[in-house]
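Report on one structure; see the data block that follows.
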Amino acid sequence: MKNDFRIGVDAGGTFTDFVLAEKTGDVHLFKAPSTPEDGTLAIANGLQQIADQFDRPIEDIIQACDLCINGTTVALNALIQMKGVKVGLLCTAGHEDSVEIRLGHKEEGHRYDASYPPAPQIATRDRRFPIRGRILADGTEHEPLNEQDILDAIKVLKEKDIQAVAISFVWSIRNTQHEQRAKQLIEQHMPDVFVCCGSDVYPQIKEYTRTSTTLVNAYLSPVMASYVHKIDDYFKALGAEQPVRYFQSNGGLAVGEIMRERAVNAINSGPASAPQAGLYIASPFGIDDIITVDMGGTSFDITMAKSGRTSLNRDIDFLRNRIGVPMIHVETLGAGGGSIGHVNTFGMLEVGPQSAGATPGPACYGKGGEQPTVTDANLVLGYLQPNAVLGGSVTLDKDKAVQAVQTHIADPLKIDLAHAAFGISAIVNQNMSNAIRRITIEKGYDPRDFALVCAGGAGGMHIIALAEEMGIGTILIPKIASCLCAFGQIISDIKYNYLATQMMILAPEANLQELNATLQGLEEEGVQKLLEDGFTDEDISIERTMEMRYVGQVHECNVLIPNGKLDAESVQTILESFHQRHKELYTYDERDSKVELVNIEVAVIGKISKPQLPTLAPQQGDISQAQIDSREMLFDQSYDWIDTPIYDGEQFGAGAVVTGPALIQEPTTTLVIKDGWQAQLHETGTYKLTRAA
């Protein structure tokens with residue numbers, strides 16, 4: 001860090017988290033209720049808390065920051081709620097329905113479900129316009145672009161009050177002239193409309209994926225641009241010396257200018273920082289295989305890193321929209337502290353995906369919510385302290401929690417209060433365990449080979465139950481768990497991804513001249529961008545990947561490849577990596593079959609200095625001096641209430657060991673230690689939970 005401070009802001013559905021790192025190594029956490037109607041209101045609230053604690057004006061603190069980093073759910077929420085802008089699509093004549101045909105089938109899990117409805121369309125049929133003109137697969141022009149078709153479309157686009165236009169022509173990745181000319185005409189006749197081209201947004205083969213990705217980008221970019229302008233102006237007014245950096249779905253940072261044009265890169269902006277933070281937390285323990293779980297107020301997010309590398313998704317169906325650009329693989333479900341428990345029409349207890357959110361929130365918040373949530377159940381089970389204050393603004397009312405669980409769950413099911421509350425907790429735990437299986441077992445990984453890293457204010461109350469269900473023996477819970485994603489932002493690097501299609505048979509004897517030239521061109525473009533951002537050559541690193549398949553296959557495997565000029569020896573290394581990855585995913589390889597290269601990707605990374613975690617003083621004396629209370633709690637289906645000691649985590653030193661059953665209270669999170677487990681505090685401020693000897 002160059003300056004006194006670095007600040008990360010993570011705007012979630014319920015709370016907006018703030019992490020302020022000092023140059024000295026101290027890390028401070030703050031929370032403010034989220035304000036979806038205007039994100040700057042929550043930011044102003046959090047910054048005022050920081051100013052009050054440091055007794056310095058907000059302007060002084062911001063001017064003393066080397067970086068102000070923002071992770072946001074603006075794009076994600078707009079996509080979830082279908083509240084983007086009105087979009088029109090210009091496409092090659094005859095391909096107007098490719099986004100509706102998709103790939104000839106429904107998403108996985110619904111392929112044979114006749115009752116599953118069609119996906120909602122970002123550009124409805126009356127807003128999709130056929131444009132004559134054709135580029136062939138080799139990049140030659142088969143039919144000239146018909147500009148009159150574009151002018152005719154512009155007339156209708158104006159009549160329909162279109163706010164954004166997506167342009168996606170067949171084989172535009174081989175020759176961009178038609179798309180770029182169409183963009184010029186749109187900008188000339190509709191200067192206030194956002195325009196983007198498929199060859200810019202997703203310059204790789206696969207027409208449907210490219211068109212869908214471009215539509216999503218057009219749908220969200222004006223929304224994101226409005227948010228970015230507001231945030232940038234707010235921080236400029238406070239005297240920020242550096243532009244605000246925004247967290248991207250690919251796990252890196254970018255300036256606002258990039259985010260305004262490529263909102264599709266911001267869909268997982270918030271949770272995408274979790275694996276970087278998890279790896280940073282796990283590093284002192286020598287652990288580089290981690291599953292990071294983040295249980296906040298609204299959602300439960302899961303990410304994974306294997307051998308120190310985060311898991312990236314490409315070409316996926318996200319909220320029923322096909323997206324091709326690289327995204328940190330985040331499995332998300334409605335299983336946060338605000339998830340509502342309810343009795344369904346079959347008389348069975350369900351939890352989520354509906355959430356009480358920040359407003360009105362769980363019943364125990366006393367803000368008008370009446371439905372029982374996971375937070376209410378945890379309060380009834382004794383895990384949360386009655387009358388405790390959350391996020392500096394919410395006081396927990398146990399009576400309201402008891403009333404909600406009793407009225408809406410216990411009475412309808414004719415069970416007692418304890419069974420009802422434990423049922424809510426058990427069901428949400430099972431939902432979360434199933435999601436962990438989707439990101440591990442279904443991807444060819446054994447979860448028992450990983451450590452669980454716990455994030456989110458609610459995660460510490462459920463994490464041991466998840467570990468027991470998955471057979472995981474090591475859990476890491478940092479003191480900063482409730483703001484782990486915001487911490488992940490302040491330790492992340494600047495990252496730009498560049499894509500291209502390069503179809504060829506990959507073999508040691510192949511002509512590699514064109515491939516090397518393409519890789520070099522992508523790298524030079526990214527390096528130049530980072531040099532303009534103020535980085536030096538020493539701060540820049542490059543990662544390359546290839547999408548490959550056996551000839552005749554439909555699906556590709558993504559493989560990391562070496563840097564530098566490729567030759568016969570490096571190609572042999574790449575082929576070996578491909579065979580191994582194919583076997584991991586599909587249980588077999590075909591070493592005698594030809595391998596086809598389809599797409600290439602270059603990630604250009606500008607490394608920033610990392611703030612250091614503080615070093616705790618060693619534990620002095622017995623941990624009993626940190627016990628502040630005891631309370632009856634319910635941990636399992638024996639339904640025996642156990643008088644459980646409660647410890648103040650701030651009174652522990654490095655090396656302190658707590659054996660369950662116990663509860664550890666930290667300022668912004670709570671750790672439930674079940675019988676048979678123990679927690680040991682590391683000097684970096686992370687609890688390591690393992691089975692008790």
Side-chain angles (χ1 to χ4, degrees), residues 1-3 5-10 19-21 23 27 65-72 240-259 262 265-283 288 290 292 303-313 325-330 453 480 483-499 522-545 560 563 601-613:
M1 289 176 57
K2 300 176 182 177
N3 294 12
F5 303 116
R6 181 176 299 168
I7 189 168
V9 181
D10 181 36
V19 168
L20 184 77
K23 195 172 185 179
V27 176
C65 286
D66 64 347
L67 284 176
C68 297
I69 302 164
N70 184 257
T72 175
E241 295 185 0
Q242 293 286 335
V244 176
R245 308 284 182 167
Y246 295 86
F247 204 83
Q248 302 178 94
S249 302
N250 65 6
L253 305 176
V255 293
E257 178 185 354
I258 299 295
M259 302 303 278
R262 295 289 182 271
N265 293 336
I267 289 174
N268 270 341
S269 173
S273 60
Q276 283 96 325
L279 287 169
Y280 195 79
I281 293 299
S283 178
D288 60 4
I290 63 167
T292 304
T303 57
M304 187 191 73
K306 174 69 174 174
S307 302
R309 293 185 56 80
T310 56
S311 177
L312 283 172
N313 257 342
V325 295
M327 300 168 58
I328 295 289
H329 186 180
V330 180
V453 179
I480 59 172
C483 298
L484 192 67
C485 285
F487 179 76
Q489 292 165 13
I490 67 174
I491 63 169
S492 295
D493 298 318
I494 309 297
K495 184 177 181 181
Y496 299 123
N497 290 85
Y498 296 89
L499 312 174
L522 296 177
E523 291 170 6
E524 288 176 350
E525 183 178 355
V527 169
Q528 182 58 38
K529 180 66 179 173
L530 288 177
L531 292 175
E532 293 171 1
D533 286 347
F535 288 89
T536 63
D537 289 332
E538 292 74 23
D539 299 325
I540 298 174
S541 64
I542 294 170
E543 291 183 357
R544 299 166 158 185
T545 54
L560 184 70
N563 290 334
E601 176 189 337
V602 172
V604 185
I605 302 164
K607 296 190 175 297
I608 62 175
S609 60
K610 309 291 190 289
Q612 298 299 311
L613 288 172

Among Ile69, Asp493, Ile605, find the residue that satisfies the side chain to side chain contact (heavy atoms under 4.5 Å, CB included) test when tested with Leu253. Ile69
So if I apply the side chain to side chain contact (heavy atoms under 4.5 Å, CB included) rule between Arg6 and each of Leu20, Ile491, Val27, Asp66, which one comes out positive? Asp66
Are the side chains of [Y] and [X] in contact, using a 4.5 Å heavy-atom criterion?
X	Y	answer
Ile608	Leu67	yes
Thr310	Thr303	no
Leu312	Met327	no
Glu538	Lys607	no
Ile281	Thr292	no
Val604	Ile540	yes
Ile328	Pro275	yes
Leu560	Arg309	yes

Where the side chain of [X] meets the backbone of [Y], is there a donor-acceptor pair that is under 3.5 Å apart?
X	Y	result
Ser249	Ile267	yes
Lys495	Asn250	yes
Glu523	Val602	no
Glu601	Asn497	no

Evaluate the criterion side chain to side chain contact (heavy atoms under 4.5 Å, CB included) for residue pair Ile542 and Val527; output intermediate values, then yes/no. CA-CA 9 Å; Ile542 294 170; Val527 169; 4.2 Å; yes
To the nearest 0.5 Å, what is the distance between [atom1] on [X] and [atom2] on [Y]?
X	Y	atom1	atom2	value
Ser269	Gln489	OG	CD	6.5 Å
Ile490	Ser609	CD1	OG	10.5 Å
Gln276	Phe247	CD	CZ	4.5 Å
Arg245	Ser492	CZ	OG	12.5 Å
Met259	Tyr246	CE	OH	8.5 Å
Glu543	Asn563	CD	CG	8.0 Å

Closest non-hydrogen atom pair between [X] and [Y], with its separation:
X	Y	answer
Val330	Pro271	CG1-CB, 3.9 Å
Ala277	Phe487	CB-CD2, 4.3 Å
Ile290	Gly278	CD1-C, 3.3 Å
Ala486	Gly8	CB-O, 3.8 Å

For Leu522 and Leu499, run side chain to side chain contact (heavy atoms under 4.5 Å, CB included): C-alpha distance rounded to whole Å, both residues' side-chain angles, the deciding distance at 0.1 Å, then the answer. CA-CA 8 Å; Leu522 296 177; Leu499 312 174; over 6 Å; no
